[in-house]
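This report concerns only the one structure given below.
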Amino acid sequence: MSSQIAGVLQLLALIAALALAYRPLGDYMARVYSSEKHYTPEKWIYKVIGADPAAEMRWPAYLRGVLAFSAVSVLLLYLMQRVQGSLPGSLGFSSIDPDQAFNTAASFVANTNWQSYYGEQAMGHVVQTGGLAVQNFLSAAVGMAVAVALVRGFARSRTGELGNFWADLVRGTVRILIPISVIGAIVLVACGAIQNFSGIHQVGQFMGSTQEWNGGAVASQEAIKELGTNGGGYFNANSAHPFENPNPLSNLFEIFLILLIPFALTRTFGRMVGSLKQGYAILGAMAVIWIGFTALMMWTEFAHRSPAFEIAGGAMEGKETRFGIAGSSIFAVATTLTSTGAVNSFHSSYTGFGGGITLLGMQLGEIAPGGVGSGLYGMLIMAVIAVFIAGLMVGRTPEYLGKKIGTRQITFAACYLLITPALVLGFTAVALALPTPGHSMTNSGAHGFSEILYAYTSGANNNGSAFAGLNADTQWFNTTIGIAMLLGRFVPMVFVLALAGSLAEQQPVPGTAGTLRTDKPLYAGLLVGTILIITGLTYFPALALGPLAEGLAS
């Protein structure tokens, strides 16, 4: 069997698994967020934090809950790293430097998981498991809560209430993320991933030097790392490390976990707004982009452009032989079209066009299917933009799900779209203009430019993957990427919740013969076109200077 056919079969198996899980998981999540019942463990949590889960919140109160909880999370994780040297189970590692501790705390709370450190050489068991892994759950639950709040904005009328943030946070964690992660961890252990709290031990000699490895609760962290579209690896090699991702079966399962909740949330959306067809339209747009990018990536990486590629059967540089080009390409697209950032290969070693595909996937806004929660609300923002454009073309006031898209709504949507490009392009320009950041570039020319562009694209879009050729462990990059991650995560949430509140206050407008049907394939096609055009107009000049120039020159 050829590698290309094996890749197609892997993709078909993945699609089949996602299709089987789509309906039951999507319906279950809709019941979780619509339920008025509180389980006993959840009541204990509410009592400890002093929250009333039955109290409805308007969007400013919901936003205050999101920001306050996230700010406290950043502070606690920062402090854990700063005192690591005094904690039990630190494996002898010293405390983390202030700039790196800030960067890591911002990264994991923002669901980015950008890592400018070597995991197995910097973090002990307490910080890894009690700090980073905990934030993998909580940051994902925050994203899901904000997405559900926006869905309620479409579903409700004549009220500004969007639910209760604390109830949404706890339910998402306790009823969705933890149960699936437990099952996922068991599967990964069965595949060969490690799960222990062993210390550092020698494993032999290599090129005259002693090799040392430490164990850890890897399988449990790996499961939520992928399920919550987090991406931070226990080891520096991330999902290319055999302790995290032992074989092709675990590789396919990890991709499945990455895509599982983001795709299923479209079913949750359709169920909560009372029209499954609306959810299918959003799903269709996501699926078209994801499958298209995957096919393009596989074609690019399998293309034989030189004798070296001919011998290797394709562009094997930077890829694990356990997974090959197909398994690496599917993983790379899944991780950059979502806010995961986990890698089983090094994107810097992809072909020029292949690296450009990973960049473009993040620059789309990571909405196909996107991060846990963030993918759905990002796609719904684009849906509002697409409806507005359609309304301009036919001279009608645009409507979406019975809600009028007026000046206020389109202002919120436009502000949402402008935040991330401003961060990415602004920080990239400043970094290239200053002399010191450029010293971190391993390569010059187009590829070196791509290293900087990729770093800020990854940070501001809350992805977390890296081009691997950039030394980001400097005060400049730790600080600026940390700022980009926080602003790229929480400023857009302001406009998402503001939009949700404005929609919830409206009286639904009955559809007429002139109303655009947003549950049809025509609209799904319009939505895909809108996404590609907006992204192209925004980022094409930067892409032309980096991956496109490199690809055309190779």
Side-chain angles (χ1 to χ4, degrees), residues 33 38 41-83 101-113 130-153 160-178 224 228 230 339 371-374 377 412 415-416 419 423 459-460 462 482-502 504:
Y33 288 111
H38 305 292
E42 296 171 349
K43 293 178 181 178
W44 295 341
I45 297 173
Y46 299 138
K47 187 174 181 179
V48 169
I49 64 178
D52 178 7
E56 288 280 339
M57 294 179 172
R58 299 179 70 85
W59 80 264
Y62 203 100
L63 176 63
R64 286 195 296 272
V66 171
L67 296 180
F69 176 76
S70 300
V72 171
S73 297
V74 170
L75 178 61
L76 291 178
L77 187 54
Y78 175 83
L79 292 176
M80 285 185 70
Q81 296 175 81
R82 294 292 293 137
V83 300
F102 163 72
N103 180 277
T104 304
S107 176
F108 278 77
V109 173
N111 199 243
T112 310
N113 295 36
L132 305 184
V134 168
Q135 285 305 318
N136 282 349
F137 283 97
L138 298 179
S139 63
V142 168
M144 295 169 68
V146 173
V148 169
L150 179 57
V151 173
R152 292 193 185 112
E161 297 173 342
L162 301 175
N164 185 284
F165 167 70
W166 305 107
D168 292 338
L169 175 72
V170 171
R171 287 177 179 177
T173 304
V174 173
R175 303 191 196 182
I176 299 172
L177 296 174
I178 290 178
I224 185 57
N230 296 283
S339 63
V372 168
S374 61
Y377 66 65
F412 291 144
C415 289
Y416 175 94
I419 290 299
L423 292 171
N462 302 130
I483 293 171
M485 289 186 290
L486 291 176
L487 295 179
R489 174 70 165 178
F490 296 108
V491 174
M493 285 183 177
V494 175
F495 299 111
V496 171
L497 292 173
L499 175 62
S502 70

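The shortest non-hydrogen separation linking R82 to A101 is CD-CB, 3.9 Å.
Note that CZ of F137 is 8.5 Å distant from OG1 of T173, once rounded to the nearest 0.5 Å. Note that CD of Q135 is 12.0 Å distant from OG1 of T104, once rounded to the nearest 0.5 Å. Taking CZ of F69 as the reference point, atom CG of L138 lies at 4.0 Å (rounded to 0.5 Å). Between the CG atom in L67 and the CG atom in L497 there is a gap of 8.5 Å [rounded to 0.5 Å]. Annotation: the span from Y33 atom OH to R152 atom CZ amounts to 8.5 Å, rounded to 0.5 Å. R58 CZ to L63 CG: the interatomic distance, rounded to the nearest 0.5 Å, is 14.0 Å.
The shortest side-chain heavy-atom distance between L77 and L132 falls under the 4.5 Å cut-off. Looking at N111 and N230, their side chains come closer than 4.5 Å, going by heavy atoms from C-beta outward. With contacts defined as side-chain heavy-atom distances shorter than 4.5 Å, the pair L487/I419 does not qualify. Within the 4.5 Å cutoff, the side chain of N136 has heavy atoms near those of the N113 side chain. Residues Y78 and V109 have side chains not in contact (no heavy-atom distance under 4.5 Å, counting atoms from C-beta outward). Using a 4.5 Å cut-off on side-chain heavy atoms (C-beta onward), V174 and I45 make contact. Residues R489 and T112 have side chains not in contact (no heavy-atom distance under 4.5 Å, counting atoms from C-beta outward). At a threshold of 4.5 Å between non-hydrogen side-chain atoms, the residues M57 and W166 count as touching.
In this pair, F495 and F412 present their aromatic rings tilted. The plane angle is within the 30 to 60° band.
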>> Working note: R171 + I176, criterion side chain to side chain contact (heavy atoms under 4.5 Å, CB included); need CA distance, chi angles, decisive distance, verdict.
In response: CA-CA 7 Å; R171 287 177 179 177; I176 299 172; over 6 Å; no
